[in-house]
Amino acid sequence: MPVPGGVTLLDLRPEPLRAAQPLGALLPHHRLVTLSLDEIEDARHGLTPADGPLLVLCERGVRSQLAARFLRADGLNAESYPGGVPALLRELPR
């Protein structure tokens with residue numbers, strides 16, 4: 001699944017994984033926000049509908065599904081990227 005234009009990417013991966021594979025360099029035309037699942041679950045994410053559609057990423061796609069569900073419950077337009085970052089990397093041009 002290609003990354004649609006105009007989405008804000010939410011990276012749920014822990015810092016060591018984000019540092020090892022930074023998404024900002026791979027997707028420079030997208031806004032990137034790093035959050036934890038706890039911040040999303042506790043509604044401490046600070047996101048609003050003005051942030052636009054949200055595409056949530058994690059290492060395998062499991063936590064991002066849960067996070068997207070919490071964000072939708074908060075009234076936000078959020079979807080999970082199926083398969084997580086490894087799936088995303090397979091989709092990017094080389």
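Keep in mind it's a predicted model, so treat the numbers as computed, not measured.
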Peer 1: V85 and L55: same hydrophobic cluster, using ILVMFWY side-chain contacts below 4.5 Å?
Peer 2: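 Linked within one cluster.
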Peer 1: Holding to side chain to side chain donor-acceptor pair (under 3.5 Å), I want the full list of residues that pass it with D42, two or more places apart in sequence or in another chain.
Peer 2: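 Result, side chain to side chain donor-acceptor pair (under 3.5 Å) vs D42: R44.
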Peer 1: I'd like a table of donor-acceptor pairs (distance under 3.5 Å, sequence neighbours excluded) in which one partner is a side-chain atom from residues 59-68, with atom names and distances.
Peer 2:
from : atom 1 : to  : atom 2 : distance (Å)
R63  : NH1    : L12 : O      : 3.2
S64  : OG     : G61 : O      : 3.2
S64  : OG     : S80 : OG     : 2.6

Peer 1: Taking a hydrophobic cluster as the set of Ile, Leu, Val, Met, Phe, Trp and Tyr residues connected by side-chain heavy atoms closer than 4.5 Å, whether directly or through intermediates, do L37 and L54 fall within one such cluster?
Peer 2: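 In one cluster: yes.
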Peer 1: Got a list of side-chain donor-acceptor pairs under 3.5 Å for residues 16-33, not counting sequence neighbours?
Peer 2:
from : atom 1 : to  : atom 2 : distance (Å)
R18  : NH1    : R13 : O      : 2.5
R18  : NH2    : E15 : OE1    : 2.7
H30  : NE2    : P4  : O      : 3.1
R31  : NH1    : D51 : OD1    : 2.5

Peer 1: Within the structure provided, determine whether L10 and L47 are in side-chain contact (heavy-atom separation under 4.5 Å).
Peer 2: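 L10 reaches L47 side chain to side chain.
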Peer 1: Not counting sequence neighbours, which residues clear side chain to side chain donor-acceptor pair (under 3.5 Å) with T34? List them please.
Peer 2: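 T34 satisfies side chain to side chain donor-acceptor pair (under 3.5 Å) with no other residue.
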Peer 1: Quick one: list whatever passes side chain to side chain contact (heavy atoms under 4.5 Å, CB included) with D74, sequence neighbours left out.
Peer 2: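 Expected list: A43, H45.
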Peer 1: Which heavy atom of V3 sits nearest to which heavy atom of Y81, and what is that distance?
Peer 2: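 In this case the closest contact between V3 and Y81 is CG2-CE1, 4.3 Å.
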Peer 1: For P49, what residues pass the side chain to side chain contact (heavy atoms under 4.5 Å, CB included) criterion, not counting sequence neighbours?
Peer 2: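 Only L76 meet the side chain to side chain contact (heavy atoms under 4.5 Å, CB included) criterion with P49.
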